[in-house]
Amino acid sequence: MLLPVTSFSEDQAEAFDRVAEVLTSAGIDIEASMTTPRSEGAQNALAVIGKAGSGKTMLLARLAEALTDAGVETISGDYEGRRRKDKRTLAILAPTNKAASVLRTRGVPATTIHRILYTPVYDPEYEKIAEWLMGNGEKPEIEGLTDAALDRAEAFFKQNRSIPGALAAAGLKGSDFILGWKRREDPLDIGLVDEASMLDARQYEDLTEIFPTLLLFGDPAQLAPVNQSGEMVFDGLPEPRKLTLSRVHRQELDNPILDLAHALGDDSLTFEGFERMVEEAAASDDRVVVAPRVEAGMMARSPVLVWRNATRIRLIHAFRAAYEAPADALLPGEPLICDGIELPLKHRKKRLDLEARGLIKGAQVIYLGPGRRPGFSRLHVIGAPEPQVSAASIVKIEMPDEDEPFIPFAANMGAAFLHGAAVTIHKAQGSQWPDVQVFAPDLYAAARAGRMEAGIPLWKRLAYVAITRAEDRLHWVTRYRLAKPTEPLTITDLNTSASPLELTGALET
C-alpha cells in the first residue's frame, strides 16, 4: 500500500496499487517519486469504473498528485512550454468544459480532450512572455508592452496559472498572440480521463494515438454515447484491465441522492416503487424535494433534465414566455447550448479557434448581449478557463410540432446554439449543478415504453444519470406545470468584468 490506509477504502487502495504497477512499467515510479526517460512500448489502457460516489474522482486526484510529486509535468492545453527529452508528461482530461471545470473546482488541473488534441501556435515574440512565466527564461523586453504590463501578466499567472489569461492581463487580445491551431504531433505520456463513459470510439482512438498509458475513469451505470450500441469504450477492455470501485465515498454516507441512485440497481424495482422511495426521502431530508411544478428561475442556470425532445422544446417555450422574452431576440442571461460550428470545410483553422475557446458541441453558454459587430454575441462559456468570448452566432429556437427552428438572428457562419433552459439527460452527462430538476413524467413515459439499454431498463439509466447530476439538492418534478420567476433574468452572478475575447479573426471570410 503506497498511501496511508485511512486515506482509501480497500478497493481504492487495490486500484491505486494496480495503477502504480502500470506506471512503473511505463518508467514512472510514484512510490519512489522518480521517473526514467520514456521508451517506446505497447499501448497500455486501464479502466477504473464505479457508480456515483465510489471515489473515482478522489482516486484520480491522488494519482495526479503522486505523479506531480514524481516530477511528471502536467500539460494544461492552453500553452505547452519547450519540452525536454527526459521530461515525462501528464494530461488530465474530460470530454466537456463543464466536466473539466468540475475537476478544477476540486483542485485537479483538468482540460478538455479537444484542447489536448489541438495545440495553439503562439506568435514567437509573445511566446517569450509565456516561457518567462513558465520559468524557462528571463523577463523579456517586448515592443509595445511596458514593465507594468508584464508585471500584471506575472501577477495574474501566479494566481491562475493561465498563459492566455496572463497575456490578456497585459493588454493583449487572443488574436495578437495565438496565430492558429494544429493537430498534436508529439505524443504525451500519461492520460487520465474522467467521465470516460461519455467517450465514443473515435475519441478513444484519438487518445490512444497520443497516450501510451491511458487511464479511464467511468461509471458503467450511465448512458452510453449515441450510436455506440449501448456499450462504452472500456467495456471492450479485458477483465484484468478493469478495476471496480464499490464503496460509497462522495458526500455523506447517508446522502439520500446517492441512496436513490444505488437503489436503481435493484432488478425488481419498478418506476412506481422508485417514486415512493423519492417521496419517502423527501419527507425525511430536505436534499430531496418532490415538486409539483418546474421552477423557471432555476432553469436559467440549471436546465430541467428531460428524456423527450418534445418535452424539452415545450419547457423552453414556457420558460421564455414566463420571462416575456421577445420572439426575435434573446434576453441577457438566457442559457444556450452550443450545437456545433457551422463553417465550410475550407475554414478548418477558424473552426479550431472557436472550439479551442470552449465552443464545442454540447457546451453550456449564457447569452450576455449583442456583440459590437452584426451577428456577433457576447457569451459566457460555462466551465471554460477564460469564459468571456464574443463570436459570430447562429441562434435557433426550436418550435413545438414544427420541423424547422425559428432563427431570431444569425451571422452568415459561426457557432450555432440551441436554447438551454431544458436539456436531454444524455446531454447532461458530465455536468453537475447544486440544484437539479428532473422531469419525472418523461421517466414514467420511458418506463411505460419498456425500452432496454445493454440489458437494463432505459428509465433506470435515465433516472440514475439525472439524479446524480445534483450536487446538493434533487427536485423531482411531478407535473406539467411551470412556476413563474420571482425575479428578472440577470447576468450579475457571472464574472463579466473581463473584456471578452473577440473571435473576429476566427470568423472573417
Side-chain angles (χ1 to χ4, degrees), residues 8-12 15 47-62 94-96 98-103 105-106 108 110 192-199 215-225 230 232-235 242-267 269 274 277-278 281-282 285 287-289 302-303 305 307 423-438 440 443 453-454 456-476:
F8 285 154
S9 64
E10 183 176 346
D11 54 3
Q12 282 182 311
V48 178
I49 59 178
K51 292 185 178 181
S54 60
K56 297 185 298 297
T57 301
M58 175 188 175
L59 181 60
L60 183 154
R62 294 300 297 272
T96 65
K98 189 64 166 68
S101 72
V102 169
L103 286 176
T105 59
R106 298 173 183 175
V108 181
L192 306 183
V193 185
D194 197 28
E195 297 289 350
S197 55
M198 297 174 65
L199 294 181
L215 306 178
L216 307 175
F217 295 77
D219 187 336
Q222 290 197 7
L223 293 158
M232 300 171 188
V233 293
F234 48 73
D235 290 336
K242 290 187 280 191
L243 311 174
T244 302
L245 305 181
S246 55
R247 182 179 170 186
V248 174
H249 291 272
R250 195 179 75 196
Q251 304 171 352
E252 296 81 10
L253 291 178
D254 63 345
N255 187 293
I257 299 172
L258 289 180
D259 291 342
L260 290 169
H262 285 268
L264 288 162
D266 182 353
D267 292 339
L269 184 66
F274 182 70
M277 292 182 68
V278 173
D285 197 308
R287 286 172 289 183
V288 177
V289 177
S302 175
L305 304 186
W307 173 45
V423 302
T424 62
I425 295 169
H426 265 99
K427 285 190 181 296
Q429 288 196 145
S431 297
Q432 283 191 307
W433 298 271
D435 284 68
V436 166
Q437 299 183 93
V438 177
L443 299 184
E453 184 177 285
I456 299 174
L458 177 61
W459 79 264
K460 289 188 175 182
R461 284 191 179 271
L462 291 167
Y464 177 87
V465 172
I467 66 179
T468 54
R469 301 310 93 201
E471 292 178 324
D472 301 322
R473 184 169 288 104
L474 166 67
H475 300 255
W476 185 261

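Since this is a predicted model, take the numbers as computed values, not measurements. Scope of the values below: all heavy atoms of this structure, side chains included, with no hydrogens, waters or symmetry mates.
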Identify the two heavy atoms, one from [X] and one from [Y], that lie closest to each other, and give their separation to 0.1 Å.
X    : Y    : result
V423 : A428 : CG2-CB, 4.3 Å
V288 : V278 : CG1-O, 3.8 Å
A61  : V108 : CB-CG2, 3.7 Å
A100 : A110 : O-CB, 3.8 Å
A99  : T96  : N-OG1, 3.0 Å
E195 : G430 : CD-CA, 3.7 Å

If the test is side-chain contact (heavy atoms from CB on, under 4.5 Å), which one of L305, I425, L458, I467 qualifies with L443?
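So the option named by the test is I425.
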V102 versus T57: any side-chain heavy-atom pair under 4.5 Å?
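The answer is no, as the side chains (C-beta and beyond) never meet within the 4.5 Å cut-off.
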Quick one, V48 and L245 - any side-chain contact, counting heavy atoms below 4.5 Å?
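They are in contact (side-chain heavy atoms under 4.5 Å apart), so the answer is yes.
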Distance from [X] atom [atom1] to [Y] atom [atom2], nearest 0.5 Å?
X    : Y    : atom1 : atom2 : result
T468 : I257 : OG1   : CD1   : 9.5 Å
I49  : T244 : CD1   : OG1   : 4.0 Å
K56  : L216 : NZ    : CG    : 12.5 Å
Q437 : R473 : CD    : CZ    : 12.0 Å
R106 : L103 : CZ    : CG    : 7.0 Å
S302 : Q432 : OG    : CD    : 11.0 Å

Test your reading of the model: is there a side-chain donor-acceptor pair from [X] to the backbone of [Y], 3.5 Å cut-off?
X    : Y    : value
Q12  : G55  : yes
Q429 : L223 : yes
Y464 : A52  : yes
R469 : V436 : no

Quick one: list whatever passes side chain to side chain contact (heavy atoms under 4.5 Å, CB included) with L269, sequence neighbours left out.
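Once residues adjacent in sequence are excluded, the partners of L269 under the side chain to side chain contact (heavy atoms under 4.5 Å, CB included) criterion are L264, D266, F274, M277, K460.
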Using only heavy-atom distances, determine whether the side chains of D219 and S197 contain a donor-acceptor pair under 3.5 Å.
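Note: D219 and S197 side chains miss the donor-acceptor criterion.
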Before giving the answer on side chain to side chain contact (heavy atoms under 4.5 Å, CB included), spell out for L260 and L474 the whole-Å C-alpha distance, their side-chain angles and the decisive distance to 0.1 Å.
CA-CA 10 Å; L260 290 169; L474 166 67; 4.1 Å; yes
Can you list everything that forms a salt bridge (Lys or Arg N to Asp or Glu O under 4.0 Å) with D235? Sequence neighbours excluded, please.
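D235: no salt bridge (Lys or Arg N to Asp or Glu O under 4.0 Å) contacts found.
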Who are the side chain to side chain donor-acceptor pair (under 3.5 Å) partners of S101, not counting sequence neighbours?
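Counting only residues at least two positions away or on another chain, S101 forms no side chain to side chain donor-acceptor pair (under 3.5 Å).
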